[in-house]
Amino acid sequence: MGDYDTLNEPQRQAVLQTEGPVLILAGAGSGKTRALTYRTAYLIEEKGVSPYQIMAITFTNKAASEMRERIQRIVEYGAEGIWVTTFHSTCVRILRRFIDRLGFDTSFTIYDADDQKALMKEICKRLDIDTKKYKERMLLSEISSAKDEMIGPEEFAKKAMEEGFGRQTLAKAYIEYQKALKRNNALDFDDLIYYAVRLFQAEPEVLSHYQERFRYIMVDEYQDTNTAQFQLIHLLAKKYKNLCVVGDDDQSIYRFRGANIYNILNFENYFPEATVIKLEQNYRSTQTILEAANQVIANNRSRKEKRLWTANDKGEKIAFHQFETGFDEVDYAARDIMEKVYQQGYGYRDCAVLYRTNAQSRLFEEKFVASNIPYKIVGGVNFYARKEIKDLLCYLKTIDNASDDLAVMRIINVPKRGIGATTVSRVQEYAVSQEISFYDALKAAEEIGSIGRASAKIHPFVLLIQSMRSKLGLIGVKELLEEVIEATGYVKDLKAEGTDEAEARIENIDELISKAASYEETAEEPTLGGFLEEVALVADIDGLESDANYVVLMTLHSAKGLEFPNVYLVGMEDGLFPSYRSIVSDTPIEDIEEERRLAYVGITRAKEHLSITGAKQRMIRGDVQYNKVSRFVREISSDLMDGQTKQPEKAKEEKAALEPMSGGRNARVKKPVSPYANKAYGAGYPAWRGEPKNFGTAKKEPLEYQAGDRVRHIKFGEGTVSLIVEGGRDYEVTVEFDSAGTKKMFAAFAKLKKL
């Protein structure tokens, strides 16, 4: 039986308001799941509603399972009849009964990502689409976005006629893709919701059946819904209007997946009679942390007014540190975590490091390994286990000595060279029979009669490896890696995909280049073999730790819905967070507001202690870049933060360590003595290890252009420089682009080329 007296007043209101449309604006840590489960119990126990007439929808199977269990703990009987499920599961159940009305068989199969890609590959071949220009992933991403917006192939084609040849190619692919799915009696994940909406629109009696079945509908995480999900819910709720949506517009962070924040912001426009309830009491964080979150998010224009508060203690001030380098940042985090574990009684599990991009995990992984700090990456893969990193490392392994047959076999057809599994199998058989390595067998491909003309495809690969091998000892590890990337076209292919996933993979590759540059700067005698050995030691960490007591490393997107006593919000610099792409985008206001919501999510993950850190200079793509403190940090009042941007004595030490030779970014410096180094790495570890040699002189290289010059930008095209302002570390350049309008950017980021 539900004990409704344990609820606070707004939660009680959310439970008791059962009739008509209800919008529950649930701030971070405000007990929304509690309110939803008690609301369900109240409908059954007090209002006499049949469990079979209640539907609760959320986004993940895990969330649905947890909600179902909590409802069953409260309700004495009948709870099993409630539909507590995800959007996709709901639609599958509906389509299994009625999709024959749309010309499909009810025994349809559901295609996963690999199935989709294989189908699109076949379509591109049939339509003679250039897959170097139009990658399968890019085509599928565009089709997915269209389905999210309920745009079918015919409507897409009609719009494409007005938008140019490129869009027409996409339209042809979309039309053929849908035809092929239909022929195969298959649906992809986007189709599940798309066709459920189409079914309801085309078959009023089917819609009426489900409207009668589900008289009370609740939707969790409503801020994450896309247009198709929005239409599905509104069609179902149209008759009885007993629709209760729960969400927080300030935590809408999935626009890149198609989420439409205006679904929640405009709820009252669709339902003018809606009751709006705000859950603003936070049960998670200290007053100080919440005040910082309130101050940051208040800068967004597109939001519902709300202010989190708590009955918890004021708590400690937020620790803020702007370090000289990214290496100092990870040193600080490692030391602080160990202090909390060994001196303050916390477990490793009580600490989380949150960052904007997956690539940022690399330095933390290496530092934690060296410091014996157990960790786990959540919502991602160990940096060195990611596909793109493993591919490139396997190239380096093959160049180094080619004794790793698995490494050679992994890359023999990466990128695609038309070398199939049958050929690989026959080469392997030959290698075994001759008792030689797989790579040596490749070199002797012409002698393997069973592979026929495939030997001609193997030859360029062997030539590439031999060419790279001839450069060993003549060029460094970083340069060798860059030549591999260039020769294989690996990054070029990813850029052609044009997806967010591809962009993240490119960022990871940039981080690998930074790792190679760092290794060369710090190793006494850098070699390719030494680099691979150092990397292998880090990559093995996941196999060493099975205990649940570990520090969590994750992106801010993965952190949503979680909480930790100690949170380290790292990389808080303009250009990294908010991302450079959001700063220079065509829609900067919307993009920066999305990034600010992400910062709000990060801040509100902390229960007791929040550390915010950044670096004045950071190695990206093997180059040192200089960054301002994130604008989101500057939005927090100084009285909430403790710490300073740089310790004076450390500044003196590092200034004394600098010994400029020629000035500029490549000035030679002495190995700096960091006060953080030995403590975390352990005795015998060089004090300067992990510090880049060229981390600092304030002198900037002169720009090759000036105001009035014509320049070209990789994204915005050609334009005229209108203003150059000299800052402490970089130049701020304003450019009037011919087709993209006026953009203001840092010269180091912009990489403008004079025409």
Side-chain angles (χ1 to χ4, degrees), residues 29 284-286 288-289 292 312-321 323 325-355 360-380 382-383 537-556 558-559 561-572 602-615 641-643 647 650 674-685 687 689-690:
R284 174 189 300 157
S285 307
T286 65
T288 299
I289 291 168
N312 296 341
D313 293 339
K314 186 175 182 181
E316 295 181 6
K317 287 187 176 184
I318 295 164
F320 169 65
H321 298 281
F323 295 103
T325 72
F327 298 92
D328 285 334
E329 181 181 53
V330 298
D331 282 341
Y332 161 76
R335 286 188 308 109
D336 201 67
I337 287 169
M338 286 194 290
E339 183 180 321
K340 283 184 165 51
V341 171
Y342 291 114
Q343 297 180 24
Q344 298 179 27
Y346 287 101
Y348 288 114
R349 66 172 67 84
D350 298 324
C351 304
V353 178
L354 310 181
Y355 37 75
Q360 289 170 260
S361 74
R362 196 264 297 175
L363 286 181
F364 288 95
E365 290 182 66
E366 294 185 352
K367 183 67 179 181
F368 288 178
V369 169
S371 305
N372 291 319
I373 295 174
Y375 74 90
K376 182 177 182 181
I377 293 180
V378 175
N382 177 298
F383 181 84
L537 290 173
V538 175
D540 287 340
I541 184 66
D542 280 352
L544 300 176
E545 289 296 335
S546 57
D547 194 284
N549 188 25
Y550 42 67
V551 177
V552 172
L553 298 175
M554 68 173 81
T555 64
L556 286 148
S558 299
L562 302 175
E563 58 183 48
F564 303 90
N566 307 296
V567 167
Y568 299 83
L569 198 49
V570 303
M572 293 295 284
I603 293 168
T604 54
R605 297 313 93 196
K607 296 169 70 174
E608 299 169 26
H609 307 284
L610 174 63
S611 293
I612 296 177
T613 59
M641 295 197 288
D642 188 21
Q647 295 86 349
K650 184 168 186 289
S674 168
Y676 304 135
N678 277 344
K679 292 179 184 176
Y681 278 112
Y685 198 89
R689 181 139 191 174

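Values in this document were obtained by computation on a predicted structure and should not be read as measured data. Along the sequence shown, residues are numbered consecutively beginning with 1.
- Aromatic pair Y375/F364: centroids not less than 6.0 angstrom apart.
- Looking at E563 and R605, no side-chain N of the basic residue comes within less than 4.0 Å of a carboxylate O on the acidic one, giving no salt bridge.
- Here the shortest heavy-atom pairing between N549 and R349 reads OD1-N, 2.9 Å.
- The CD1 atom of I377 sits 4.0 Å away from atom OG of S361, with the distance rounded to the nearest 0.5 Å.
- Between V567 and L354, the closest side-chain pair of non-hydrogen atoms falls below 4.5 Å.
- Considering all non-hydrogen atoms of both residues, T286 and K314 come closest at CB-O, 3.4 Å.
- Between K340 and D350, the closest side-chain pair of non-hydrogen atoms is not below 4.5 Å.
- For the residue pair A615 and T325, the shortest heavy atom distance occurs at CB-C, 3.5 Å.
- To the nearest 0.5 angstrom, Y550 atom OH is 15.5 Å from I373 atom CD1.
- D336 and S611 make their closest contact through OD2-OG, 4.4 Å (heavy atoms, listed as atom of the first residue, atom of the second, distance).
- One distance of note links CG of L363 with CD of E329; it measures 8.5 Å at 0.5 Å rounding.
- V570 approaches Q360 most closely through the heavy-atom pair O-NE2, 4.0 Å.
- For Y346 and H609, the gap between ring centers is short of 6.0 Å.
- Distance check, rounded to the nearest 0.5 Å: OG1 of T555 to OH of Y355 gives 7.0 Å.
- Looking only at side-chain heavy atoms (C-beta outward), I318 and I612 come within less than 4.5 Å of each other.
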Query raised in the report: Where do D331 and K367 land on the salt bridge (Lys or Arg N to Asp or Glu O under 4.0 Å) test, with the steps shown first?
Result: CA-CA 7 Å; D331 282 341; K367 183 67 179 181; 2.4 Å; yes
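- Of all heavy-atom pairs between T288 and K317, the closest is CG2-CA, 4.1 Å.
- Side-chain contact between I603 and I289 is present, with at least one heavy-atom pair separated by less than 4.5 Å.
- A salt bridge is absent between E339 and R335; no separation between the charged side-chain nitrogens and carboxylate oxygens falls under 4.0 Å.
- Between Y342 and Y348, the angle of the ring planes goes over 60°, which puts this pair in the perpendicular group of the 30/60° scheme.
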